[in-house]
Student: 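The structure under discussion is supplied below as structure tokens; questions concerning it will follow.
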Amino acid sequence: MAINADSLAQLRGILVKSKRFVFLTGAGISQESGIPTFRGNGGLWKTHDPAKLATLSSFHENPSLVWGYYSYRQKLISKCQPNPAHLAISKIKEQKKGDSWVLIQNVDNLHRLAGSKNIIELHGNIFKLSCIRCGYSGYMDMDMVLPPKCTNCESVLEPCVVMFEEALPQKEWATSIELSFSCDLVFIAGTSLNVSPVNTLPSYAKDNNAVLAEVNPEETWLSRFMDFSIKGSSADVLPNIYNLMK
Ligand code: APR
Ligand code: ZN
């Protein structure tokens with residue numbers, strides 16, 4: 001973990017004093033649970049074309065292909081467990097009590113399984129599905145025939161995952177903006193910050209003079225704007241940050 005002791009002590013002080021802090025996490029935080037990222041080494045988008053598998057238009061053109069992709073990911077993710085990074089976030093939030101939130105880009109449910117409360121799934125949840133025609137929503141049975149049909153109206157059901165070309169869930173997005181504008185500290189862990197509009201949240205926090213702390217083994221385009229840019233894996237760094245608080 002590349003952060004000197006002074007910076008770590010400074011970050012600890014900020015965390016202890018924080019009145020409202022936010023975690024903003026991405027695919028990298030689940031990498032050590034065995035779920036590949038999208039853009040890092042071995043990322044999904046290096047071998048799969050998101051334009052064919054993860055856009056609203058590809059879903060309407062070929063629901064079976066897109067459902068095949070999401071079903072493959074569900075089966076992989078259902079075998080994965082929260083790693084020390086997810087658990088550390090849950091314990092930091094528990095320890096601090098106060099007002100803290102986790103803004104999640106991943107759809108893998110692992111923050112919830114790690115016990116984190118106050119979570120906002122900005123890109124949805126891969127185990128849920130819904131009917132855009134009649135509003136039915138439910139949980140995915142991984143053995144169902146693909147593409148699954150709505151039992152109410154026979155339409156093809158959609159995975160409750162925000163695809164490219166799709167808007168984020170409005171309530172969750174509005175709450176995330178409000179939290180970013182009103183927090184005093186943001187931990188940004190495991191995201192390349194490549195995808196909008198989620199990658200605008202750190203700038204809203206900065207507008208409110210929040211401290212930005214990034215945890216990532218690699219540089220991101222926002223690393224130089226961070227108050228703390230900690231080079232390392234989230235499963236290594238976040239438990240260390242929790243240990244500072246005890
Ligand atoms: N710990 C922390 N960060 C890590 C780790 C790790 N162990 N391993 C990789 N990373 C970092 C990578 O360096 C990279 O910056 O995680 C980041 C993953 O970036 P992406 O693969 O782009 O994932 P993410 O930022 O979550 O993508 C956002 O894009 O395709 C869409 O919907 C998808 O939610 C996703 C969104
Ligand atoms: Zn329906």
Side-chain angles (χ1 to χ4, degrees), residues 1-2 23-56 58 69-70 73 77 80 82-86 88-89 102-108 110-111 120-126 129-138 147-169 172 187-202 213-223 226 229-241:
M1 174 167 85
F23 283 94
L24 170 60
T25 66
I29 203 165
S30 295
Q31 194 256 349
E32 276 142 312
S33 293
I35 302 173
T37 62
F38 294 97
R39 296 173 188 83
N41 300 334
L44 264 176
W45 296 154
K46 300 246 192 262
T47 49
H48 296 67
D49 179 0
K52 292 204 180 69
L53 297 171
T55 61
L56 200 55
S58 58
Y69 163 65
Y70 282 110
R73 289 203 64 214
I77 290 171
C80 299
N83 68 54
H86 299 101
I89 287 178
V102 193
L103 309 182
I104 304 167
Q105 295 181 90
N106 296 347
V107 295
D108 57 31
L110 293 182
H111 280 295
I120 296 185
E121 292 175 318
L122 284 161
H123 289 167
N125 185 309
I126 201 162
L129 39 66
S130 64
C131 177
I132 44 173
R133 194 155 144 211
C134 73
Y136 162 81
S137 71
K149 293 274 174 57
C150 177
T151 45
N152 292 345
C153 70
E154 278 300 299
S155 304
V156 171
L157 293 170
E158 249 198 86
C160 282
V161 175
V162 175
M163 296 184 211
F164 291 107
E165 302 163 356
E166 237 180 335
L168 268 59
E172 287 78 355
F187 278 101
I188 300 154
T191 177
S192 62
L193 293 167
N194 262 319
V195 173
S196 71
V198 172
N199 63 359
T200 59
L201 293 175
E214 181 182 58
V215 179
N216 196 319
E218 294 171 20
E219 285 283 304
T220 66
W221 65 280
L222 264 178
S223 294
M226 300 290 170
S229 180
I230 307 169
K231 290 287 163 288
S233 87
S234 39
D236 170 33
V237 172
L238 292 173
N240 275 297
I241 290 180

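Ligands are counted one by one from 1 in listed order, and the atoms in each one are counted from 1 as well.
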Student: Please report the interatomic distance CE(M163) to NE2(H123), rounded to the nearest 0.5 Å.
Tutor: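 NE2 of H123 is found 13.0 Å from CE of M163.
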Student: Mind checking whether L168 and V198 have side chains closer than 4.5 Å, heavy atoms only?
Tutor: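 They are in side-chain contact.
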Student: Which protein heavy atom lies closest to atom 28 (C) of ligand 1, and at what distance to 0.1 Å?
Tutor: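 Answer for atom 28 (C) of ligand 1: Q105 OE1, 3.3 Å.
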Student: Give the atom numbers and elements of ligand 1 that come within less than 4.0 Å of a heavy atom of A27.
Tutor: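 Atoms satisfying the 4.0 Å criterion: 23 (O), 24 (P), 26 (O).
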Student: From F23 CZ over to I29 CD1, what is the distance, rounded to the nearest 0.5 angstrom?
Tutor: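 Between F23 CZ and I29 CD1, I get 8.0 Å after rounding to 0.5 Å.
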Student: Do S223 and T220 have side-chain N/O donor and acceptor atoms under 3.5 Å apart?
Tutor: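 Yes, because at least one side-chain N or O of S223 sits under 3.5 Å from a partner of the opposite role on T220.
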Student: Please examine the side chains of P159 and L129, heavy atoms only from C-beta on, and report whether any two atoms are closer than 4.5 Å.
Tutor: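 A side-chain contact under 4.5 Å is absent here.
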Student: Of all the non-hydrogen atoms in the protein, which one sits nearest to atom 30 (O) of ligand 1, and at what distance?
Tutor: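 Here the nearest protein heavy atom works out to W45 NE1, 2.9 Å.
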Student: Quick test: of every protein heavy atom, which one is nearest to atom 1 (N) of ligand 1, and how far off is it to 0.1 Å?
Tutor: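 For atom 1 (N) of ligand 1, the nearest protein heavy atom comes out as S234 N, 2.9 Å.
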Student: Are I188 and V215 close enough that some pair of their side-chain heavy atoms sits under 4.5 Å apart?
Tutor: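 Side chain of I188 against side chain of V215, heavy atoms only: no contact under 4.5 Å found.
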Student: Return yes or no for this condition: an N or O of V195 is under 3.5 Å from an N or O of ligand 1.
Tutor: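 By distance alone, the answer is no.
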Student: I'd like to know if the side chain of T151 pairs up with that of K149 as donor and acceptor (distance under 3.5 Å, no hydrogens or angles considered).
Tutor: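 There is no such pair between these side chains.
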Student: Could you name the option among G190, A54, G26 that has the heavy atom nearest to atom 18 (C) of ligand 1?
Tutor: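 It is G190 that holds the nearest heavy atom.
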Student: Using the Zn ion (ligand 2) as the vertex, how large is the angle between SG of C153 and SG of C150, rounded to 10 degrees?
Tutor: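 Roughly 110°, rounded to 10°.
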Student: Could you list which atoms of ligand 1 come closer than 4.0 Å to a heavy atom of E32?
Tutor: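 Under 4.0 Å from E32, ligand 1 has these atoms: 6 (C), 7 (N).
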Student: To which of A85, P50, G28 does the heavy atom nearest atom 5 (C) of ligand 1 belong?
Tutor: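 Considering heavy atoms of A85, P50, G28, the nearest to atom 5 (C) of ligand 1 sits in G28.
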Student: Using a plain distance cutoff, I'd like to know if Q31 has any nitrogen or oxygen under 3.5 Å from a nitrogen or oxygen of ligand 1.
Tutor: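 Between Q31 and ligand 1 (N or O atoms, distance only) the closest approach is under 3.5 Å.
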Student: Over 60° means perpendicular and under 30° means parallel, so tell me whether W45 and F38 are parallel, tilted or perpendicular.
Tutor: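 Ring orientation of W45 relative to F38: tilted.
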Student: Considering only heavy atoms, which of H123, E218, M163 lies nearest to atom 32 (O) of ligand 1?
Tutor: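 It is H123 whose heavy atom sits nearest to atom 32 (O) of ligand 1.
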Student: State if P217 counts as touching ligand 1 under the rule of any non-hydrogen atom under 4.0 Å.
Tutor: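 The answer is yes: ligand 1 sits under 4.0 Å from a heavy atom of P217.
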Student: Using a 3.5 Å cut-off on N or O atoms only, is T220 in polar contact with ligand 1?
Tutor: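 No; the residue has no nitrogen or oxygen that sits under 3.5 Å from a nitrogen or oxygen of the ligand.
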Student: Of all the atoms in ligand 1, which lie at a distance below 4.0 Å from a heavy atom belonging to F38?
Tutor: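 So the answer, numbered in order with elements, is 21 (O), 23 (O), 30 (O), 33 (C), 35 (C).
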Student: Evaluating non-hydrogen atoms only, which member of D236, T25, N216, I230 is closest to atom 11 (C) of ligand 1?
Tutor: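 Answer by nearest heavy atom: N216.
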Student: Are side-chain heavy atoms of E218 and K231 found at a separation under 4.5 Å?
Tutor: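 They are not in side-chain contact.
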Student: Is there a donor in the side chain of Q105 and an acceptor in the side chain of T25, or the other way round, less than 3.5 Å apart?
Tutor: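 Checked: Q105/T25 side chains show no N/O donor-acceptor pair below 3.5 Å.
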Student: Can you find an N or O of T191 that's nearer than 3.5 Å to an N or O of ligand 1?
Tutor: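 Such a contact does occur with ligand 1.
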Student: How far is atom 27 (O) of ligand 1 from the closest protein heavy atom, and which atom is that?
Tutor: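 Answer for atom 27 (O) of ligand 1: R39 NH1, 3.0 Å.
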